[in-house]
Amino acid sequence: MARSSSGRPLGRAFFDRPTTRVARELLGAVLTVRAGGDVRSVELVEVEAYLAHDPASHAYRGPTRRNRSMFGPPGTLYVFRIHQVVCANLVTRPGEAVLLRAARPRRPAHANPSGPGRLCRVLGLTIADDGQRVGPRGRLSVTAPRPRPRPDLVLRSPRVGISRAVDRPLRFSLAGDRWVSRPRPRAT
DNA sequence: GAAAAGATTACCT
DNA sequence: GGTAATCTTTTCC
């Protein structure tokens, strides 16, 4: 599969749009985390949308101490802990977010970011990053896919690992990409 | 204050 | 394919 180069930095205007659309357009985007001289980056191949009035969403019952970042401005990072692992989301509109599920490694090339917890581990994201804003000057930056994935390669399927609203097709992934996590999505 | 559940992963058969 | 690990937040009594 072709490796993309890095496009323009995505900011508030990109994230302040309907969540499913942001999710779909994040496929192929490059995430970069800079810590001191260390640079790590991946290219997204799988995400999930969590919407308002969505029983599967952490924001469903309103703001709490844990999920308050989900109500921050567009482009806020929401990091939460599950079991021994952390997972990261990008907030779109208040109360809605895109879970970053899997990616193709870029730097380092041998990393394995296939899975929400592994993706965070590869990028070095921790709970301390919760609430940060992404941006070209920040620790975490996101750049537009280049080239854009072919629309016919974007798959929609049910989300993974949840127990409510299990049938909503809010998981977006790139068809046939080896880095998409399990279970493999079935084309619709 | 106690109990349950969880947007996962690694390792077992 | 099934299950244990492991621990914090949320929820319920």
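The model shown is predicted, which means the values in this text are computed figures rather than measured ones. Numbers restart at 1 for each chain; the letters A, B, ... are given by sequence-line order, proteins then strands.
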> According to the Watson-Crick and G-U wobble definitions, with both distances under 3.5 Å, which nucleotide is paired to B/dA7?
Replying inline: none
> About how many Å separate CD of A/Gln132 and CG of A/Leu140, when rounded to the nearest 0.5 Å?
Replying inline: 7.0 Å
> Between atom CG in A/Asn89 and atom P in B/dT8, what is the gap in whole Å?
Replying inline: 11 Å
>> Taking any heavy-atom pair under 4.0 Å as a contact, classify A/Arg61: base, sugar-phosphate, or nothing.
In response: sugar-phosphate
> In whole angstrom, what separates A/Asp130's CG from C/dT9's P?
Replying inline: 11 Å
> Once you round it to whole Å, what is the distance between P of B/dA5 and CZ of A/Arg164?
Replying inline: 11 Å
> Whole-Å distance between B/dT8 P and A/Ile162 CD1?
Replying inline: 9 Å
> Could you give the CD-to-P distance, from A/Glu48 to B/dA7, as a whole number of Å?
Replying inline: 10 Å
> What heavy-atom pair brings A/Cys87 and A/Leu99 nearest, and what distance separates the two atoms?
Replying inline: CB-CD1, 4.0 Å
> Under 5.5 Å between ring centres and under 30° between planes: true for A/Phe80 and the base of B/dA7?
Replying inline: no
>> Of the listed nucleotides (B/dG6, B/dA7, B/dA10), which one gets closest to any side-chain atom of A/Arg121?
In response: B/dA10
>> Please tell me if A/Arg182 has a side-chain N or O lying less than 4.0 Å from either OP1 or OP2 of B/dT8.
In response: no
> Taking any strand in view, what nucleotide pairs with B/dA2 in a Watson-Crick or G-U wobble way, both distances under 3.5 Å?
Replying inline: C/dT11
> Do the side-chain N or O atoms of A/Gln84 get closer than 4.0 angstrom to the phosphate oxygens (OP1, OP2) of C/dC7?
Replying inline: yes
>> Side chain of A/His83, heavy atoms from C-beta onward: which of C/dT8, C/dA5, C/dT10 has the nearest atom to it?
In response: C/dA5
> Please give, in whole Å, the distance from B/dA7 P to A/Leu51 CG?
Replying inline: 15 Å
>> I'd like to know if the side chain of A/Glu46 pairs up with that of A/Ser173 as donor and acceptor (distance under 3.5 Å, no hydrogens or angles considered).
In response: no
> Nearest nucleotide by nearest heavy atom, which residue falls closer to the 5' end of DNA chain B, A/Arg118 or A/Ser57?
Replying inline: A/Ser57
> A/Phe15 ring centre to A/Arg12 NZ or CZ under 6.0 Å, with the angle to the axis within 45°?
Replying inline: no
> Nearest-Å distance, NE2 (A/His58) to P (C/dT9)?
Replying inline: 12 Å
> Between A/Arg101 and A/Ser181, does any side-chain donor sit less than 3.5 Å from a side-chain acceptor?
Replying inline: yes
>> What is the distance, to the nearest angstrom, from the OH atom on A/Tyr60 to the C1' atom on B/dG6?
In response: 17 Å
